[in-house]
Participant: 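Got a structure for you, questions after.
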Number of protein chains: 2
Amino acid sequence: MRAKDENKEAAIREQAIAMIVAEGFHGLSMQKLAKAAELSPSTIYIYYDSREDLLNKLFFYVEEVFNRETLKGFDARMHFEEGLWIQWKNRYRYSKEYPLYFLFAEQFRNSPLIRHKDIRENRFRSAMQEFVYHAVQRGEVADLTPEVFWAMAYGPFYTLLKFHMDQSSMSGKPFALTDHKLKQAFRLVLKALEP
Amino acid sequence: MRAKDENKEAAIREQAIAMIVAEGFHGLSMQKLAKAAELSPSTIYIYYDSREDLLNKLFFYVEEVFNRETLKGFDARMHFEEGLWIQWKNRYRYSKEYPLYFLFAEQFRNSPLIRHKDIRENRFRSAMQEFVYHAVQRGEVADLTPEVFWAMAYGPFYTLLKFHMDQSSMSGKPFALTDHKLKQAFRLVLKALEP
DNA sequence: AAGATAAACGAATATTCGTTCTTTTAAAAA
DNA sequence: TTTTTAAAAGAACGAATATTCGTTTATCTT
């Protein structure tokens with residue numbers, strides 16, 4: 001029997017993500033995708049049951065890469081400052097290495113597609129919860145509702161990151177996120193979160 | 001001549017926003033919209049040149065309401081703590097009074113549609129810039145890059161608000177944003193931003 | 001080398017899309 | 001009341017949509 005060409009699955013995935021980032025969900029048609037990935041429309045259906053199945057699998061794949069990259073060098077028993085900083089750096093690095101994945105996930109997260117599934121639970125890892133729990137025990141960080149903590153610890157970071165990715169300009173020139181600005185914001189967040 | 005029924009324009013607008021929030025941009029078809037607004041597809045084209053024109057006008061309308069609501073009771077010469085708190089409360093109130101508008105705008109903002117236009121500039125009002133400038137002069141707040149300031153001042157707020165709107169659950173039960181949690185987060189933000 | 005099997009293809013399917021055409025209707029102007 | 005004019009309707013348009021069908025092709029097994 002003829003062997004599956006695994007390159008094709010990756011080609012479909014990468015082209016689909018690129019198309020969605022460039023033109024949105026309605027910009028992804030199976031025929032245009034087939035043309036971009038240089039294969040027949042029907043071939044897509046060998047790897048994915050349907051358009052909806054494709055979208056779901058794209059999201060799960062991207063989320064998997066995100067989780068892997070985000071946990072690199074991270075340990076739940078780290079001191080708070082070190083652990084949170086690693087999280088920031090990992091997420092920042094992820095957005096630079098996989099910018100299309102990042103933009104795709106943001107688009108997905110803000111679309112109603114996600115509401116029809118129950119994907120959101122996994123977003124916040126139990127490793128992070130454990131990390132925060134121990135840091136609170138050690139008196140390294142204020143004891144807050146999980147959502148308030150998350151909002152303080154990551155809200156500023158993601159706001160900066162999205163400015164950067166969208167090349168938003170608050171005044172004149174487009175914003176570029178530097179290591180210095182990232183560290184500066186991090187210090188402010190630490191200040192807010194000290195017990 | 002026959003008079004325009006202005007109710008129709010509003011009906012089209014509200015139904016379109018509801019459809020987009022419920023099913024995404026590709027969930028908005030002119031024929032389904034016509035059915036939902038109880039009129040003929042061709043009637044839509046009396047009020048809007050095309051589907052794209054409709055989407056643009058929806059966004060501008062929603063942004064206009066947002067700006068109006070957000071500036072209520074706000075003055076650029078207010079003291080920093082009072083002014084920023086009014087901004088938080090106004091935006092919170094807006095999200096409660098116009099939840100569909102809020103969700104629509106979030107979806108629009110994270111889609112590539114917005115990249116094809118140049119809408120984003122207006123997002124951050126000059127009134128806000130003036131407000132921050134004076135507060136810095138008076139030594140009420142740290143002097144930061146606009147983007148870093150914005151990320152600190154609004155990042156946590158919007159993260160909380162989106163948890164609330166999406167009914168995300170970080171742990172067990174769905175999150176509900178209370179006045180108390182809002183005030184708590186606000187105090188933490190003030191702490192981070194003090195000079 | 002021959003046969004088997006699934007990958008891959010490209011054309012064809014029915015449906016839905018945005019938009020326009022033609023006709024009817026209602027209200028303002030005469 | 002008659003005329004005029006644009007609002008509103010609904011059927012119809014071609015183009016594009018997701019998916020499937022029948023056939024061909026490549027590679028593994030025998």
Side-chain angles (χ1 to χ4, degrees), chain A residues 1-61 104 107-108 111-114 116-117, chain B residues 1-61 104 107-108 111-114 116-117:
Chain A
M1 87 165 175
R2 188 170 174 179
K4 259 194 196 178
D5 184 350
E6 295 299 335
N7 294 340
K8 286 202 167 62
E9 184 166 8
I12 294 169
R13 189 209 312 129
E14 297 305 315
Q15 290 293 339
I17 290 174
M19 288 177 70
I20 288 170
V21 168
E23 304 176 56
F25 287 108
H26 64 282
L28 176 80
S29 91
M30 302 304 262
Q31 347 228 16
K32 289 200 307 183
L33 172 58
K35 190 155 283 183
E38 295 178 312
L39 37 77
S40 163
S42 54
T43 302
I44 300 174
Y45 288 85
I46 296 172
Y47 297 92
Y48 303 96
D49 293 340
S50 64
R51 194 187 119 105
E52 198 190 352
D53 180 53
L54 168 62
L55 289 172
N56 285 336
K57 285 183 174 151
L58 289 180
F59 185 79
F60 278 117
Y61 180 83
F104 168 79
Q107 207 174 314
F108 206 99
S111 83
L113 291 180
I114 207 157
H116 298 324
K117 342 224 165 290
Chain B
M1 92 169 170
R2 188 170 175 181
K4 257 193 195 180
D5 184 348
E6 296 299 335
N7 295 340
K8 286 200 168 59
E9 184 167 8
I12 294 170
R13 188 209 314 129
E14 296 304 316
Q15 289 293 341
I17 290 174
M19 288 176 70
I20 288 170
V21 169
E23 304 178 55
F25 286 108
H26 63 281
L28 176 80
S29 90
M30 302 304 264
Q31 345 226 20
K32 289 198 309 184
L33 173 57
K35 191 155 284 183
E38 293 179 315
L39 37 77
S40 164
S42 56
T43 302
I44 300 174
Y45 288 85
I46 296 172
Y47 297 91
Y48 302 95
D49 293 340
S50 64
R51 193 188 120 105
E52 198 190 352
D53 180 54
L54 168 62
L55 287 173
N56 284 336
K57 284 180 175 155
L58 289 181
F59 186 79
F60 279 115
Y61 180 84
F104 168 80
Q107 206 174 316
F108 207 99
S111 84
L113 292 180
I114 206 158
H116 298 325
K117 341 221 167 293

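By convention in this document, chain letters (A, B, ...) are assigned in the order of the sequence lines, proteins followed by strands, and residues within each chain are numbered from 1.
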Participant: Near DNA chain D, which residues from residues 37-47 of chain A have a heavy atom under 4.0 Å away?
Facilitator: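 Here the set is A/Ser42, A/Tyr45.
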
Participant: How many Å lie between CG on A/Asp5 and C1' on D/dC28, as a whole number?
Facilitator: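 Answer to the nearest Å: 15 Å.
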
Participant: Is it the case that more than 12 heavy atoms not belonging to B/Glu38 sit under 6.0 Å from its CD atom?
Facilitator: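 Atom CD in B/Glu38 is not crowded, with 12 or fewer foreign heavy atoms closer than 6.0 Å.
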
Participant: Rounded to the nearest 0.5 Å, what separates atom OG in A/Ser40 from atom CD in A/Gln31?
Facilitator: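 Here the interatomic distance stands at 9.5 Å.
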
Participant: Could you summarise the pairing of DNA chain D as dot-bracket text, marking Watson-Crick and G-U pairs under 3.5 Å with ( ) or [ ] inside the strand and | across strands?
Facilitator: ..||||||||||||||||||||||||||||

Participant: Would you indicate whether the side-chain heavy atoms of B/Leu58 and B/Arg13 approach each other to under 4.5 Å?
Facilitator: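 Yes - at least one pair of side-chain heavy atoms lies under 4.5 Å apart.
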
Participant: How many whole angstroms separate atom CG of A/Asp53 from atom C1' of D/dT19?
Facilitator: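 These atoms are roughly 14 Å apart.
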
Participant: Could you state the atom-to-atom distance from CZ of B/Arg51 to P of C/dT20 in whole Å?
Facilitator: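 These atoms are roughly 15 Å apart.
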
Participant: Minimum heavy-atom separation for B/Ala34 to B/Pro41, with atom names?
Facilitator: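 Residues B/Ala34 and B/Pro41, closest heavy atoms: CB-N, 3.5 Å.
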
Participant: Show the nearest heavy-atom pair for residues B/Leu55 and B/Phe104, with the distance to one decimal.
Facilitator: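 What the structure gives for the nearest pair is O-CZ, 4.5 Å.
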
Participant: Side-chain contact test, heavy atoms from C-beta onward, threshold under 4.5 Å: evaluate it for B/Glu9 versus B/Lys57 and give yes or no.
Facilitator: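 With C-beta onward as the side chain, the pair stays apart.
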
Participant: Give the rounded distance in Å between these two atoms: OH of B/Tyr48 and P of C/dT20.
Facilitator: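 For the pair B/Tyr48 OH and C/dT20 P, the rounded distance is 17 Å.
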
Participant: Between A/Lys35 (NZ) and C/dG10 (P), how many Å, whole number?
Facilitator: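 So the two atoms are 11 Å apart, to the nearest Å.
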
Participant: Nearest heavy-atom pair of B/Met30 and B/Ile44: which atoms, and what distance?
Facilitator: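 In terms of heavy atoms, the two residues are closest at O-CD1, 3.5 Å.
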
Participant: Taking OP1 and OP2 of C/dA7, is either one under 4.0 Å from a side-chain nitrogen or oxygen of A/Lys8?
Facilitator: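 No, outside the criterion.
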
Participant: Does anything in residues 26-33 of chain A come within less than 4.0 Å of DNA chain D? Heavy atoms only, and list the residues if so.
Facilitator: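 When residues 26-33 of chain A is checked for heavy atoms under 4.0 Å from DNA chain D, the hits, listed by number, are A/Leu28, A/Ser29, A/Met30, A/Gln31.
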
Participant: May I ask you to test the A/His26-B/Leu113 pair for a side-chain heavy-atom distance under 4.5 Å?
Facilitator: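 Yes, side chains in contact.
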
Participant: Give the rounded distance in Å between these two atoms: CD1 of B/Ile12 and P of D/dA7.
Facilitator: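 Between P of D/dA7 and CD1 of B/Ile12: 12 Å.
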
Participant: Calculate the interatomic distance between A/Glu9 atom CD and C/dA6 atom C1'; express it in whole Å.
Facilitator: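 Interatomic distance, CD of A/Glu9 to C1' of C/dA6: 16 Å.
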
Participant: Atom CG of B/Asp49 and atom C1' of C/dT20: how far apart are they, to the nearest Å?
Facilitator: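 After rounding, the gap between these two atoms is 14 Å.
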
Participant: Check A/Tyr47 against A/Ile12 and note the closest heavy-atom contact, atom names and distance.
Facilitator: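 Where A/Tyr47 meets A/Ile12 most closely, the heavy atoms are CD1-CD1, 4.0 Å.
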
Participant: List the atom of A/Gln107, the atom of B/Pro112, and the distance in Å for their closest heavy-atom pair.
Facilitator: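 Minimum heavy-atom separation between A/Gln107 and B/Pro112: NE2-CD, 3.6 Å.
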
Participant: Specify the closest pair of heavy atoms between B/Ala36 and B/Met19, including all atoms of both residues, with the distance to one decimal.
Facilitator: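 Scanning both residues completely, I find the closest heavy atoms to be CB-SD, 4.4 Å.
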
